[in-house]
Number of protein chains: 2
Amino acid sequence: MVKRVSLWDSGCPVARSLDAIGDWWSLLIIRDAFDGKRRFGEFQQGLGISRGVLATRLRDLVTRGIFETAPASDGTAYREYVLTAKGQGLFPVIVALRQWGEEFLFGLGETHSLLVDRERGDPVERLSVRSADGRSLDWSDTQVTA
Amino acid sequence: MVKRVSLWDSGCPVARSLDAIGDWWSLLIIRDAFDGKRRFGEFQQGLGISRGVLATRLRDLVTRGIFETAPASDGTAYREYVLTAKGQGLFPVIVALRQWGEEFLFGLGETHSLLVDRERGDPVERLSVRSADGRSLDWSDTQVTA
DNA sequence: CAGTATCCCCCCTGATACTG
DNA sequence: CAGTATCAGGGGGGATACTG
């Protein structure tokens, strides 16, 4: 994590993002946060992660400004972990991973959870990369420049 | 990787995607592939990854149907690794990671690489999650259903 | 319930040497 | 150049026990 310093310094935003949240657990924790989970125990139970590892991950994510802690809303003495604006900015990442999984990793018969528009209940649209003038871009229509 | 079996079986596409490409190197390799790299040495040099690890990763990714091998286009005896349709489907994931990194992980003075529309040279639009009827959705406007 | 502290093991990873 | 084989280390991760 603090290991691949050269990648962080590479000037590639993808590498830097992965350095921040590309470990085994972070994105799963963040997914659960988008799902409404806030408490240590909620994350721990849902993920089957050990408490020690979860505590470390949560602390790292707070340090990185992705989560912040707040007093428990139920009046108990414990903390809650809520996503900051920076953490909420990961929503498209989670959605992109979800849609790729739905499309390529499930058999036709298999069922999976679905992300829907809360207001109308319809599934959300497939993400698409668009040009400044609104055209849908394939990866081969793009290029990385310095 | 084949370790978190319970997560793969959870029926959550996010978890299943992470199980497939959520390790330390896969997404970086895939990023380089989108960048036009195809040869073992190109990946190895660009990432600073050891040959052994790269060979393992590449083999896994081929097994998972994300890359496929092709004879070298320059007539040499070696293979090239090219993204399948399934691998190309990860483009929005890479773009989402890139955009998050650009927005939250770089200081104002720092420069980073940029993804542009090849045709016009303009940066691509920020990804947005949209409802079936075209509204832009915040994460709180959505919900995961069974 | 929400953590922290400790121990231990596995496997990921890098380094090196070897082959086609 | 493109791998494979082998070895050694280091850290992430689980299990357990303990504390507030």
Side-chain angles (χ1 to χ4, degrees), chain A residues 1-8 10 15 18-30 32-33 36-64 67-82, chain B residues 1-8 10 15 18-30 32-33 36-64 67-82:
Chain A
M1 210 137 173
V2 184
K3 222 33 175 323
R4 305 178 302 172
V5 181
S6 59
L7 287 175
W8 175 275
S10 71
L18 288 173
D19 191 89
I21 45 81
D23 69 276
W24 283 110
W25 291 111
S26 293
L27 280 171
L28 256 2
I29 296 170
I30 291 160
D32 280 359
K37 294 185 179 158
R38 295 164 156 250
R39 294 286 285 261
F40 189 94
E42 289 182 299
F43 293 117
Q44 204 265 318
Q45 199 167 17
L47 294 171
I49 190 177
S50 76
R51 285 191 296 273
V53 175
L54 178 58
T56 303
R57 282 285 158 277
L58 249 14
R59 186 170 28 226
D60 285 355
L61 290 168
V62 168
T63 300
R64 291 177 187 280
F67 278 97
E68 60 189 358
T69 54
S73 49
D74 61 359
T76 55
Y78 306 114
R79 282 174 276 183
E80 295 191 345
Y81 298 86
V82 306
Chain B
M1 213 142 168
V2 183
K3 222 32 175 322
R4 304 179 300 172
V5 180
S6 60
L7 288 174
W8 175 276
S10 72
L18 288 172
D19 192 88
I21 45 82
D23 69 275
W24 284 110
W25 291 110
S26 293
L27 280 172
L28 256 4
I29 295 171
I30 291 161
D32 281 359
K37 295 185 177 155
R38 294 163 157 251
R39 296 283 286 260
F40 189 92
E42 289 182 298
F43 293 117
Q44 204 264 319
Q45 200 166 15
L47 293 170
I49 190 177
S50 76
R51 285 192 297 274
V53 175
L54 178 59
T56 304
R57 282 285 158 277
L58 248 15
R59 185 170 30 228
D60 285 356
L61 290 167
V62 169
T63 300
R64 291 176 187 280
F67 279 97
E68 59 189 358
T69 54
S73 48
D74 61 359
T76 56
Y78 306 114
R79 282 173 278 184
E80 294 191 346
Y81 297 87
V82 305

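The figures here come from the full heavy-atom set of this structure, side chains too, leaving out hydrogens, waters and symmetry mates. Chain naming here is simple, since letters A, B, ... match the order of the sequence lines and numbering starts at 1 in each.
D/dG3 atom C1' lies 15 Å from atom CG of B/Asp60, rounded to whole Å. Across the protein-nucleic acid pair, A/Glu80 atom CD and C/dA2 atom C1' stand 13 Å apart, rounded to whole Å. Remark: P of D/dG3 and CZ of B/Phe40 are 6 Å apart, rounded to the nearest angstrom. Protein atom CG of A/Leu54 is 10 Å distant from nucleotide atom P of D/dG14, rounded to whole Å. Rounding to whole angstrom units, CG of residue A/Leu58 and P of D/dG12 are separated by 16 Å. Protein atom CD1 of B/Ile49 is 12 Å distant from nucleotide atom P of C/dC12, rounded to whole Å. Atom CD1 of B/Ile29 is separated from atom C1' of C/dC12 by 14 Å (rounded to the nearest Å). In this structure, the CD atom of B/Glu42 is 12 Å from the P atom of D/dG3, given to the nearest Å.
In this model, the phosphate group of C/dT13 is approached by a side-chain N or O of B/Trp25 to a distance below 4.0 Å at OP1 or OP2. Distances shorter than 4.0 Å separate none of the side-chain N or O atoms of A/Arg39 from OP1 or OP2 on C/dC1. Between A/Arg57 and D/dG13, a side-chain N or O to OP1/OP2 separation shorter than 4.0 Å is present.
In this structure a side-chain-to-backbone donor-acceptor pair under 3.5 Å is missing from B/Ser26 to B/Gly22.
Interatomic distance, CG of A/Leu28 versus CZ of A/Phe43, reported as 11.0 Å (0.5 Å rounding). Here the straight-line distance linking atom CG of A/Asp32 with atom CG of A/Leu47 works out to 4.5 Å at 0.5 Å rounding. Atom CG of residue A/Asp19 and atom CZ of residue A/Arg64 lie 6.0 Å apart, to the nearest 0.5 angstrom.
Checking A/Leu58, A/Val53, A/Leu54, A/Ile29 one by one against A/Gln44, the side chain to side chain contact (heavy atoms under 4.5 Å, CB included) holds for a single residue, A/Leu54. A side chain to side chain contact (heavy atoms under 4.5 Å, CB included) with B/Phe40 is found for exactly one of B/Glu80, B/Arg51, B/Arg79, namely B/Arg51.
Side-chain atoms of A/Arg59 and A/Val62, non-hydrogen and from C-beta on, never get closer than 4.5 Å to each other.
When Watson-Crick and G-U wobble pairs are counted only if both distances are under 3.5 Å, C/dG20 pairs with D/dC1.
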Quiz prompt | B/S/- contact track for nucleotides 15-20 of chain D, protein heavy atom under 4.0 Å | solution = --B--B
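Residue A/Phe43 is classed as having no contact, given no heavy-atom separation below 4.0 Å to the nucleic acid.
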